[in-house]
*Asks:* 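Before I ask anything, here is the structure I am working with.
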Amino acid sequence: MRETKKEHLSTTEFVSYFCLLKAVKNMFRVLLFIFILVPAIEVSIFILAGQYMGIPATIVCILFTGILGAYLAKKEGTETLKRAKLQMESGQVPGDAVLDGACILVGGALLLTPGFLTDFIGFALLFPPIRKLAKYWLKAKLYHKIKSGQFYFIKRP
């Protein structure tokens with residue numbers, strides 16, 4: 001006769017599992033917003049822009065913002081890479097440069113995505129004063145996750 005071994009979760013495992021479920025629930029809300037609401041808003045803005053400016057002008061605006069966004073993202077990204085390289089060569093950790101790079105990457109991706117709302121957010125992330133606010137928010141979010149134990153550092157031997 002085979003014995004079945006009952007496995008019980010330790011308190012730490014239970015809390016970790018509970019936090020994972022909570023994170024998945026929050027992630028679902030964010031994904032719902034990103035994949036359903038943002039395209040719906042973009043389509044509405046396309047329709048309004050098409051009625052106001054005409055369809056050809058709307059298409060030209062979309063293409064122009066995509067091309068301009070790619071140029072600006074490349075320019076800002078190159079400057080950030082140079083700054084990070086200089087910081088590393090002088091023995092500093094390029095923390096701000098990494099966050100700048102993340103903001104520029106997201107901004108560039110949003111600018112390549114067709115839509116006026118995503119273009120507005122993308123241009124905002126490429127604009128240094130707004131990017132500074134985004135970096136401040138990211139630092140606060142990371143600090144909170146580290147303090148609450150939701151973010152771990154793995155040290156390699």
Side-chain angles (χ1 to χ4, degrees), residues 12-49 53 57-157:
T12 306
E13 291 171 332
F14 179 76
V15 169
S16 297
Y17 183 71
F18 180 74
C19 289
L20 178 66
L21 288 177
K22 186 177 175 185
V24 168
K25 184 179 174 184
N26 289 338
M27 189 184 318
F28 178 74
R29 288 181 185 154
V30 171
L31 290 176
L32 177 71
F33 176 75
I34 290 172
F35 290 119
I36 294 177
L37 293 179
V38 170
I41 293 168
E42 292 286 12
V43 167
S44 301
I45 295 172
F46 283 148
I47 291 170
L48 291 173
M53 298 186 305
T58 303
I59 293 172
V60 167
C61 277
I62 292 168
L63 293 174
F64 177 73
T65 58
I67 293 167
L68 180 64
Y71 169 76
L72 289 174
K74 181 180 177 182
K75 181 179 174 259
E76 291 289 323
T78 303
E79 290 175 13
T80 302
L81 279 173
K82 287 178 185 176
R83 196 172 70 243
K85 184 179 176 184
L86 286 173
Q87 287 176 341
M88 286 191 296
E89 286 174 355
S90 66
Q92 298 173 349
V93 176
D96 274 350
V98 169
L99 289 177
D100 268 333
C103 289
I104 292 167
L105 178 68
V106 170
L110 288 173
L111 283 166
L112 292 175
T113 304
F116 293 110
L117 177 65
T118 54
D119 287 348
F120 176 77
I121 296 168
F123 277 123
L125 286 172
L126 292 182
F127 188 58
I130 303 289
R131 191 168 62 230
K132 186 175 181 181
L133 292 173
K135 286 189 321 184
Y136 179 78
W137 179 80
L138 279 172
K139 286 179 188 178
K141 193 82 169 161
L142 284 171
Y143 180 79
H144 174 71
K145 288 199 176 281
I146 289 168
K147 286 296 178 188
S148 66
Q150 296 175 355
F151 193 87
Y152 299 99
F153 292 100
I154 299 173
K155 294 182 181 179
R156 295 182 183 205

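Any value given below was found using the heavy atoms of this structure, including those in side chains, with hydrogens, waters and symmetry copies removed.
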*Asks:* To the closest 0.5 Å, what do you measure between SG (Cys103) and CZ (Phe127)?
*Replies:* 14.0 Å
*Asks:* What I'd like to find out is whether the side chain of Ile104 reaches to under 4.5 Å of the side chain of Thr80, using heavy atoms alone.
*Replies:* yes
*Asks:* Mark yes or no for whether Gln87, through its side chain, and Ala97, through its backbone, hold a donor-acceptor pair below 3.5 Å.
*Replies:* no
*Asks:* Which heavy atom of Met53 sits nearest to which heavy atom of Phe116, and what is that distance?
*Replies:* CE-CZ, 4.4 Å
*Asks:* Specify the closest pair of heavy atoms between Ala70 and Leu112, including all atoms of both residues, with the distance to one decimal.
*Replies:* CB-CD2, 4.1 Å
*Asks:* Asp119 vs Phe64, test: side chain to side chain contact (heavy atoms under 4.5 Å, CB included). Steps then yes/no.
*Replies:* CA-CA 11 Å; Asp119 287 348; Phe64 177 73; over 6 Å; no
*Asks:* To the nearest 0.5 Å, what is the distance between CZ (Phe46) and SG (Cys61)?
*Replies:* 10.5 Å
*Asks:* Within this structure, what is the CD1-OG1 distance for the pair Ile121 and Thr113, rounded to the nearest 0.5 Å?
*Replies:* 10.5 Å
*Asks:* Rounded to the nearest 0.5 Å, what separation is found between the CD1 atom of Ile47 and the OG1 atom of Thr58?
*Replies:* 11.0 Å
*Asks:* Taking C-beta and beyond as the side chain, do Leu111 and Thr118 meet within less than 4.5 Å on heavy atoms?
*Replies:* no
*Asks:* According to side chain to side chain donor-acceptor pair (under 3.5 Å), who are the partners of Asp100, at least two apart in sequence or on a separate chain?
*Replies:* Arg83, Arg131, Lys135
*Asks:* Quick check for you: to the nearest 0.5 Å, what is the distance between Leu72 atom CG and Leu125 atom CG?
*Replies:* 12.5 Å
*Asks:* Can you find a heavy atom in the side chain of Leu68 that is under 4.5 Å from one in the side chain of Phe123?
*Replies:* yes
*Asks:* Show your reasoning for whether side chain to side chain contact (heavy atoms under 4.5 Å, CB included) applies to Phe120 and Leu110.
*Replies:* CA-CA 9 Å; Phe120 176 77; Leu110 288 173; over 6 Å; no
*Asks:* Do Tyr136 and Lys132 have side chains that approach each other closer than 4.5 Å (heavy atoms only, starting at C-beta)?
*Replies:* no
*Asks:* Apply side chain to side chain donor-acceptor pair (under 3.5 Å) to Lys139 and list each qualifying residue two or more places apart in sequence or on a separate chain.
*Replies:* Asp96
*Asks:* Are Leu63 and Pro114 packed together at the side-chain level, in the sense that at least one heavy-atom pair is separated by less than 4.5 angstrom?
*Replies:* no
